[in-house]
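Written below as structure tokens is the structure these notes are about.
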There are 2 protein chains.
Amino acid sequence: MSTNLITSLNARLEGMSASERAIAEVILDAPAEVVALSSQALAKRCNVSQSSIIKFCQKVGFPGFPALKIELSAETARSENAQQIHAGIFSDDSLGAVAKKLFASKIAALSETMKANPNAVLDAAVGQISAANRILILGVGGSALVAQDLSSKLAKFGKAVIAGGDSHIQLANLASFGAGDLLISISYSGTTREVQVAVEFALAHGVPVLHIGAYHQAPAPEVVLHCVADENIVRSSSIATRTAQMAITDLLFVLFVQGQGDVAARISDSHALVRQIR
Amino acid sequence: MSTNLITSLNARLEGMSASERAIAEVILDAPAEVVALSSQALAKRCNVSQSSIIKFCQKVGFPGFPALKIELSAETARSENAQQIHAGIFSDDSLGAVAKKLFASKIAALSETMKANPNAVLDAAVGQISAANRILILGVGGSALVAQDLSSKLAKFGKAVIAGGDSHIQLANLASFGAGDLLISISYSGTTREVQVAVEFALAHGVPVLHIGAYHQAPAPEVVLHCVADENIVRSSSIATRTAQMAITDLLFVLFVQGQGDVAARISDSHALVRQIR
DNA sequence: TCATGGGGGAATTATATATTCCAATTTACA
DNA sequence: TGTAAATTGGAATATATAATTCCCCCATGA
């Protein structure tokens, strides 16, 4: 089984004999270099015999050394992006390095967020949106932009969406909402006061709630979609957070659109409108 | 140079001789299988001699066949994610399939956009921002959100940023700008009337301009950063566009921050402030 | 028609990989 | 503690694979 060589080596490291461990450690330490070595060269580097290298390869499930190198090459390539995720950016990083790290951090936010939300929950969320009469989208701070983005997208599809304005106005709007409407609240931490007040109010009045982000308070919204963001590239710049939030709202939107009928028609209508204005 | 074997093979396919092409085509068709073959086996499959395989490898820049296999393995691993990019979403796609396609499309927008902007241009853009006294960020339609996002980020770092408001207000603001200031204009297509007017005005009055998106008009802004977005997942939903724009603005921001001194201090200050308000 | 040059393959050589076999060390048990 | 069994690791060997060489053939142009 070679679904993941690196992981499995790490796991088996304990039960290995001295030579085997020497080999495994070199592979784990410098997979990229090992890929370029011959079995003899690797043997020298590990201070073991060439035949030990071959035996090692076979023991971990490969027919031979070249096969292991190929798998190793594939794995290092796959994890290239993921490697620098937890690195953070240093003041002496080159421009290219910074770009790569940012890129990696965004991809991590995307993939983790995608993973964090089971299909069933997404399905429920889309159901809420489709069923809703009117939708109030609430997000403060950085989340306000995400809220606006989602609202403009849904509006294109004829949904009655309210977003923007300050929290007082929003609460006033919410007061008229009922069981056939929907509150979408967006807050990464789930601790934003305004959002909590709105969610509690909605739940108390039988308004369905879809929350995007963490939410620890009781009572809990019917549906909660999680955003995963490891904010360590530029501390607290909330780049990863925004990326994760947009991933979720875009996904929601795409799923919603897919559920509707004649997608292309409506959107190009809206484009035609914009063009006319010019 | 083997930065991208597959791409370079595709590009060179035209100028190849019959045997070479046969080899290249098998590699392009089934890279995953080629990785498992010996040079002899591949030769048989291509109906060429074994030596031709070796010569081919050397011609495309590798020391030999094993090296090519290793690179091929890495590349197929890397592109595993990117495969479904051009698929589009169909109404009978499962929820998981939709998520994957969206994910792939976002990654494509990110990576293409990162690739599209040479370091030198990014460097110039960061220089403009650092040097600017006041900054006006202009974006209309969907780009308005991106403009706001960038403006709030830069504001955290003490930059005097103006964003938001309608185009009349913005033009009025721009009137007071001079050579020490900066206009950042954001428009995916570069054809937005308001943006063009502002850019022309700025250039005419000696105000430096940084444009994010395409720009075909003359006179051209000093610095143009490109956003690459293949909008074929949900047609015209501008999800990829937004993703690309945010990638660029985030990158700009991170690079700018890196250039400044005590990063963490300032941002946590701003966080502390927000916490106090609650 | 004949020289020239480039591409391709057969045969050869070189190299790398895999196997076998044996020695050394450890382990198990009397 | 001694001895047999078992396991590990390396030297030597065998095999497979890769790389080079050399030569033929065909296309091109004089």
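Chain identifiers are assigned alphabetically (A, B, ...) following the order of the sequence lines, protein sequences preceding nucleic acid strands; residue numbering begins at 1 within each chain.
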B:F256: what forms a ring pair (Phe, Tyr, Trp, His ring centres under 6.0 Å) with it, not counting sequence neighbours? none
Run the side chain to side chain contact (heavy atoms under 4.5 Å, CB included) test against B:A22 and tell me which residues pass, sequence neighbours left out. none
Taking only residues two or more places apart in sequence, or in another chain, which ones meet A:S51 in a side chain to side chain donor-acceptor pair (under 3.5 Å)? A:S49
Hits for side chain to side chain contact (heavy atoms under 4.5 Å, CB included) against A:A74, two or more places apart or cross-chain, chain-then-number order -> A:R78, B:S73, B:A77
Can you name the salt bridge (charged side-chain N to carboxylate O under 4.0 Å, His left out) partners of A:E33, sequence neighbours left out? A:R45
For A:S38, side chain to side chain donor-acceptor pair (under 3.5 Å) partners two or more places apart: none
Rounded to whole Å, please give me the gap between CD1 in B:I70 and C1' in D:dA18. 13 Å
Restricting to side chain to side chain donor-acceptor pair (under 3.5 Å), what partner residues turn up for B:K44, sequence neighbours left out? none
Under 6.0 Å between the ring centres of B:F157 and B:F253? yes
Atom CZ of A:F62 to atom C1' of C:dT17: distance rounded to whole Å? 16 Å
Take the protein atom CD1 of A:I54 and the nucleotide atom C1' of C:dA18, then report the distance between them rounded to whole Å. 6 Å
List in numerical order all residues of residues 24-32 of chain B for which some heavy atom is under 4.0 Å away from an atom belonging to DNA chain C. none
Which pairs with one or both residues in residues 244-254 of chain A pass salt bridge (Lys or Arg N to Asp or Glu O under 4.0 Å), sequence neighbours excluded? A:K153-A:D250, A:D250-B:K106
Run the numbers on B:T113 and B:H226 for side chain to side chain contact (heavy atoms under 4.5 Å, CB included), then give the verdict. CA-CA 7 Å; B:T113 298; B:H226 299 285; over 6 Å; no
Report each atom pair, protein N/O against N/O of nucleotides 24-27 of chain C, whose distance is under 3.5 angstrom.
none

Which residue pairs pass the side chain to side chain donor-acceptor pair (under 3.5 Å) test with at least one member in residues 55-64 of chain B, sequence neighbours excluded? B:E20-B:K59
Nucleic acid footprint by protein, nucleotides 5-17 of chain D - heavy-atom cut-off 4.0 Å, B for base, S for sugar-phosphate alone: ---SBBB------
Starting from C1' on C:dG7, measure out to CD1 on B:I23 and report it in whole angstrom. 12 Å
Please report, rounded to the nearest Å, how far the P atom of C:dG7 is from the CE atom of B:M16. 12 Å
